Amino acid sequence: MEWSNDNAPSLVASLSHATLSAIDGDVLTVAVRYKMHADKINQPTNQVRIETVLSDVLRAPVKIVAKVVKEPVDEDESVDLDQIFEFED
């Protein structure tokens, strides 16, 4: 699946503000600082799109959940999601 900024600009923006904060089995939790980003990522249609790409990249089924955090995630322990998704301009 290819991503296009033209098709989902607000989802792309929300993902650019997300960092991987936890892995529990097949559930990946990403941290965002604002509820609007978590809401966008947690929309069922968007979850399916994200999970499809991540499952293809990781070669394993995964689920994604976004949670709002007040404190920034430690940069040394975070994963930049832009490195996983290849966004087309």
Side-chain angles (χ1 to χ4, degrees):
M1 172 181 247
E2 292 183 5
W3 286 79
S4 171
N5 287 343
D6 295 334
N7 295 336
S10 60
L11 178 57
V12 171
S14 293
L15 286 170
S16 71
H17 292 280
T19 54
L20 182 62
S21 65
I23 301 173
D24 184 13
D26 66 347
V27 178
L28 306 177
T29 302
V30 295
V32 293
R33 300 220 34 209
Y34 301 102
K35 184 180 181 305
M36 67 179 184
H37 295 307
D39 289 346
K40 180 57 74 174
I41 293 168
N42 289 330
Q43 287 178 350
T45 303
N46 290 335
Q47 281 183 313
V48 169
R49 294 177 78 186
I50 297 165
E51 291 166 359
T52 299
V53 171
L54 287 175
S55 294
D56 287 348
V57 169
L58 299 172
R59 295 190 173 113
V62 296
K63 300 289 183 196
I64 189 160
V65 176
K67 296 200 176 187
V68 178
V69 295
K70 301 225 187 264
E71 300 295 322
V73 175
D74 184 353
E75 291 295 325
D76 293 335
E77 297 179 11
S78 68
V79 174
D80 182 1
L81 295 179
D82 288 336
Q83 294 174 353
I84 295 174
F85 292 94
E86 295 179 14
F87 298 113
E88 292 181 352
D89 290 328

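Position 1 is the first residue of the sequence; numbering continues from there. Remember, predicted model here, so these are calculated numbers, not experimental data.
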T29 side-chain N/O to S21 backbone N/O, donor-acceptor pair under 3.5 Å: no
N/O donor-acceptor pair under 3.5 Å between Q47 side chain and I64 backbone: yes
V62 with L15, same ILVMFWY side-chain cluster at under 4.5 Å: yes
Hphob cluster co-occupancy, V48 + V27, side-chain heavy atoms under 4.5 angstrom: no
Residues which pass side chain to side chain donor-acceptor pair (under 3.5 Å) with D26, listed by chain and number, not counting sequence neighbours: none
Mind checking the [atom1]-[atom2] spacing from [X] to [Y]? Nearest 0.5 Å is all I need.
{"X": "T19", "Y": "R33", "atom1": "OG1", "atom2": "CZ", "result": "10.0 Å"}
{"X": "S14", "Y": "Q43", "atom1": "OG", "atom2": "CD", "result": "8.5 Å"}
{"X": "E51", "Y": "N46", "atom1": "CD", "atom2": "CG", "result": "10.5 Å"}

Side chains of L11 and I50 in contact at under 4.5 Å (non-hydrogen atoms): yes
Side chains of L28 and L20 in contact at under 4.5 Å (non-hydrogen atoms): yes
Ring pair (Phe, Tyr, Trp, His ring centres under 6.0 Å) partners of residues 30-60, not counting sequence neighbours, each pair once: H17-H37
